Structures are given as C-alpha cells and as structure tokens.
Amino acid sequence: MTPTVSASGLSLRYGGTHALDDVSLRLAPGVTGLLGPNGAGKTTLLRVLATALPPDHGAFTVLGNDPATARGRQEVRRALGYLPQTPGFHPDFTAFEFVDYVAILKELTNRTARHREVRRVLDEVDLADVRGRRIKKLSGGMRQRVALAAALVGDPGFLVLDEPTVGLDPEQRMRFRELIAQAGEGRTVLLSTHQTEDVAMLCHRVLVMAGGRVRFDGTPADLTARAAGRVWSSTERAPGAKAGWRTGTGTFRNVGDPPPNAELLEPTLEDGYLLTLDGEGAQEVKAA
C-alpha cells in the first residue's frame with residue numbers, strides 16, 4: 001500500500017535535548033497509535049508532520065507533497081486535519097462559528113458551500129443540535145467533538161490527533177473512540193495518546209517513542225507479545241518486578257522476570273509497552 005506519509009531522518013533539538021532523533025516512518029490509511037511517556041517527542045513529531053514546526057534535519061512528504069517548498073507546504077496543509085492537545089477555542093464563538101472560522105482558514109471561500117461543509121462535519125460528530133450554542137456552554141466532551149469537527153473540515157486525507165480523549169469520562173471516551181474509528185475509514189489517522197486501551201481498541205499499528213526515537217513499530221498484538229511469559233500473579237509484592245501493583249482481588253500483578261513456578265497471566269498491550277520503555281529488546285526502527 002502506498003504510504004500517505006513518508007518521513008526519513010527527522011531530527012530536532014531544543015538546546016541540548018534531542019526532541020526528535022533520526023525518526024523515520026511510513027503511515028498508510030487506517031489508525032496508527034503513538035505511545036510514549038511525557039517528553040518522548042510525540043507532540044514534537046505531530047507538530048512537524050502538521051507543518052507547524054520545521055525539523056532541523058530530515059525530510060517527509062504527505063500525499064506526495066514536500067513541505068520543504070512553499071507550494072508543497074500549502075498542499076500539505078490543505079490535505080491535513082489537525083487536532084492539537086489544547087485547541088485554541090474562542091469561548092464566545094458558537095460551535096458553528098468556530099468550525100466556520102477554521103473552514104475560512106482552510107480556504108473555503110464560497111459561503112454557501114462552506115456553511116454546507118460546516119453543517120456536514122458537525123453532523124458527523126453528532127453536534128447538529130448544539131451548533132448554535134456558545135463553546136463556553138459546552139461540556140468537555142462536546143468541546144473535543146467541536147475540535148474534531150474542525151479537523152475534519154475539507155475531508156482531509158491525513159488526520160493528526162494529539163491526546164484527543166484526555167480528560168474525558170468513560171462514556172465520552174467510548175463515544176470519541178467510535179468517531180476516531182469512523183475517521184480512520186479511508187484516511188490516515190495518527191493518534192497520540194497515553195491511553196493504551198485506546199490503542200488496543202482502535203489501532204491496526206502502534207509506534208512507541210522514548211527519548212526522541214521510535215523504539216517499537218508493529219501491531220498491537222506484536223507489542224502485547226513482548227510481555228508473553230513476563231507477567232505473573234503473586235500474593236505478595238515481588239521485589240524483582242519491573243512493575244507491580246495490588247489488584248482488586250488483593251493479589252499482585254507483576255511485570256518483569258518471573259520466579260520459577262510463577263502463576264503466569266495473560267499479557268496486555270500495556271505490559272508490552274512497559275517492558276519496551278524499560279529498554280528490554282527495544283528496537284530502533286527506520287522506515288517500516
């Protein structure tokens with residue numbers, strides 16, 4: 001499958017810190033999850049791919065367009081939908097006015113056609129009934145849906161989502177997952193999140209970043225398999241475990257090197273993620 005996004009050797013420094021350190025990747029249609037701890041370089045990578053921040057070194061294309069040129073950068077932005085971690089809402093705008101403002105920035109100049117597109121994306125995220133309500137009167141979940149509607153204006157081929165479910169309650173998160181899954185049908189979505197369950201439920205592929213580098217690139221099943229035989233139950237805290245916590249049943253769930261005859265448990269994606277961050281078998285990946 002021809003990649004939507006192709007990046008090679010992306011590097012960016014903030015002072016003495018490598019925010020991105022020789023990152024190469026290819027993204028195809030579907031939802032790709034991006035996991036990593038705070039400071040891993042996830043948001044920097046998203047901002048670079050969204051053309052909000054130029055890299056110091058390396059190159060990338062989006063749908064065949066090279067943002068290193070003015071024309072290519074313009075074409076990338078036309079093909080891009082970007083939901084930043086903290087959307088810049090004007091609280092006195094209505095939902096319709098905010099999305100309409102974004103549509104104007106995306107060069108939808110015909111007023112009738114633009115308003116038709118604004119109504120379409122608000123309908124797509126189930127906000128048709130509140131499109132005339134001011135943003136300051138909307139719940140957190142509704143505000144996130146307004147931001148997603150704005151990102152979907154113009155039917156972009158590449159959608160970048162930075163922590164879209166942060167701060168949402170379980171019901172709102174479940175509804176937002178449904179919207180993200182729908183958005184990934186026929187387009188490329190890059191989803192940065194701290195929620196491993198979002199990746200397990202939504203993504204066909206996952207990248208793990210740490211220290212500005214891609215440490216894992218594969219399927220969620222592959223990441224989960226890294227913890228096979230490395231998760232066990234015990235009645236007391238295991239001192240040699242990489243991670244361990246008391247469960248609701250009163251037993252401890254441990255991740256690391258199990259002792260002989262340990263009661264092994266089925267691993268989860270989070271277990272594989274924890275072991276990858278611990279550096280065990282971490283693979284530094286070039287373009288997949």
Side-chain angles (χ1 to χ4, degrees), residues 4 27 29-34 43 46 50 77-108 110-205 220:
T4 303
L27 302 177
V31 183
T32 297
L34 180 61
T43 293
L46 298 191
R77 290 171 179 173
R78 286 172 174 166
L80 175 75
Y82 181 34
L83 195 165
Q85 188 170 352
T86 306
F89 292 120
H90 191 299
D92 287 323
F93 274 16
T94 65
F96 187 95
E97 288 169 341
F98 176 78
V99 179
D100 188 45
Y101 173 69
V102 172
I104 292 171
L105 296 179
K106 287 191 173 184
E107 303 176 307
L108 277 68
N110 182 285
R111 186 174 185 271
T112 300
R114 186 179 72 245
H115 285 185
R116 184 166 56 245
E117 173 68 0
V118 171
R119 287 191 293 270
R120 181 190 72 82
V121 294
L122 287 171
D123 287 348
E124 190 170 334
V125 299
D126 289 340
L127 289 179
D129 293 342
V130 298
R131 65 190 183 199
R133 190 179 300 177
R134 296 190 187 279
I135 288 175
K136 65 184 178 183
K137 299 291 187 181
L138 298 178
S139 68
M142 285 185 174
R143 292 182 188 186
Q144 283 295 84
R145 281 191 271 161
V146 171
L148 179 59
L152 291 172
V153 165
D155 195 21
F158 180 38
L159 189 60
V160 176
L161 307 176
D162 193 358
E163 300 286 351
T165 62
V166 67
L168 302 185
D169 64 35
E171 182 179 357
Q172 292 170 335
R173 186 176 296 124
M174 184 169 57
R175 175 63 183 131
F176 218 83
R177 285 174 185 158
E178 182 181 357
L179 294 173
I180 294 170
Q182 291 172 354
E185 296 173 3
R187 64 164 58 90
T188 299
V189 178
L190 181 58
L191 167 67
S192 176
T193 180
H194 283 99
Q195 305 288 339
T196 54
E197 61 267 31
D198 286 351
V199 173
M201 292 183 180
L202 287 171
C203 300
H204 74 286
R205 179 179 169 202

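Please read all numbers here as calculations on a predicted model, not as lab measurements. Quick note: residue numbers are just sequence positions, from 1.
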Could you grab the distance from atom [atom1] of [X] to atom [atom2] of [Y], nearest 0.5 Å is fine?
X	Y	atom1	atom2	result
Ile180	Leu159	CD1	CG	8.5 Å
Leu179	Thr165	CG	OG1	12.0 Å
Thr193	Asp198	OG1	CG	4.5 Å
Arg77	Glu107	CZ	CD	10.5 Å
Gln144	Ser139	CD	OG	10.0 Å
Glu117	Thr112	CD	OG1	13.5 Å

Q: Could you pull out all residues at least two apart from Arg175 that satisfy salt bridge (Lys or Arg N to Asp or Glu O under 4.0 Å)?
A: Asp126, Glu178
Close side-chain approach of [X] and [Y], heavy atoms under 4.5 Å:
X	Y	value
Val121	Val99	yes
Arg133	Thr94	no
Glu163	Pro84	no
Ile135	Pro91	no
Phe89	Arg143	yes
Leu34	Leu46	yes
Asp162	Leu83	no
Pro164	Leu148	no

Would you tabulate the side-chain donor-acceptor contacts of residues 181-190 under 3.5 Å, counting partners in other chains and residues two or more places apart, or write 'none'?
| unit_1 | atom_1 | unit_2 | atom_2 | d |
| --- | --- | --- | --- | --- |
| Arg187 | NE | Pro156 | O | 2.8 |
| Arg187 | NH1 | Ala183 | O | 3.0 |
| Arg187 | NH2 | Asp155 | OD1 | 2.4 |
| Thr188 | OG1 | Thr4 | OG1 | 2.6 |
| Thr188 | OG1 | Ala28 | O | 3.3 |

Which atoms form the tightest heavy-atom contact between [X] and [Y], and what is the distance?
X	Y	value
Thr32	His204	OG1-CE1, 3.7 Å
Cys203	Pro220	O-CG, 3.3 Å
Val199	Gly33	CG2-CA, 4.3 Å
Glu124	Leu152	OE2-CD1, 3.8 Å

**Q.** Aromatic ring proximity Tyr101/His90, centre distance under 6.0 Å
**A.** no
For [X] and [Y], indicate whether the former's side chain and the latter's backbone hold a donor-acceptor pair under 3.5 Å.
X	Y	value
Arg131	Phe96	no
Gln85	Thr43	no
Lys106	Arg78	no
Arg173	Leu168	yes

Q: Could you list all the salt bridge (Lys or Arg N to Asp or Glu O under 4.0 Å) pairs where at least one residue sits in residues 87-103, not counting sequence neighbours?
A: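 Found Asp92-Lys136, Asp100-Arg114.
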Q.
Could you go through Phe176 and Arg145, starting from their C-alpha distance and side-chain angles, then the distance that decides it, and tell me whether this counts as side-chain contact (heavy atoms from CB on, under 4.5 Å)?
A. CA-CA 8 Å; Phe176 218 83; Arg145 281 191 271 161; 3.9 Å; yes
Q: Please indicate whether Arg111 has more than 12 foreign heavy atoms, meaning atoms of other residues, nucleotides or ligands, lying under 6.0 Å from its CZ.
A: no
Q.
For the CG atom on Asn110, are there more than 12 heavy atoms of other groups (residues, nucleotides or ligands in this structure) within a distance under 6.0 Å?
A. yes
Q | Candidate pair Phe158 and Leu27, rule side-chain contact (heavy atoms from CB on, under 4.5 Å), full reasoning | A | CA-CA 9 Å; Phe158 180 38; Leu27 302 177; 4.0 Å; yes
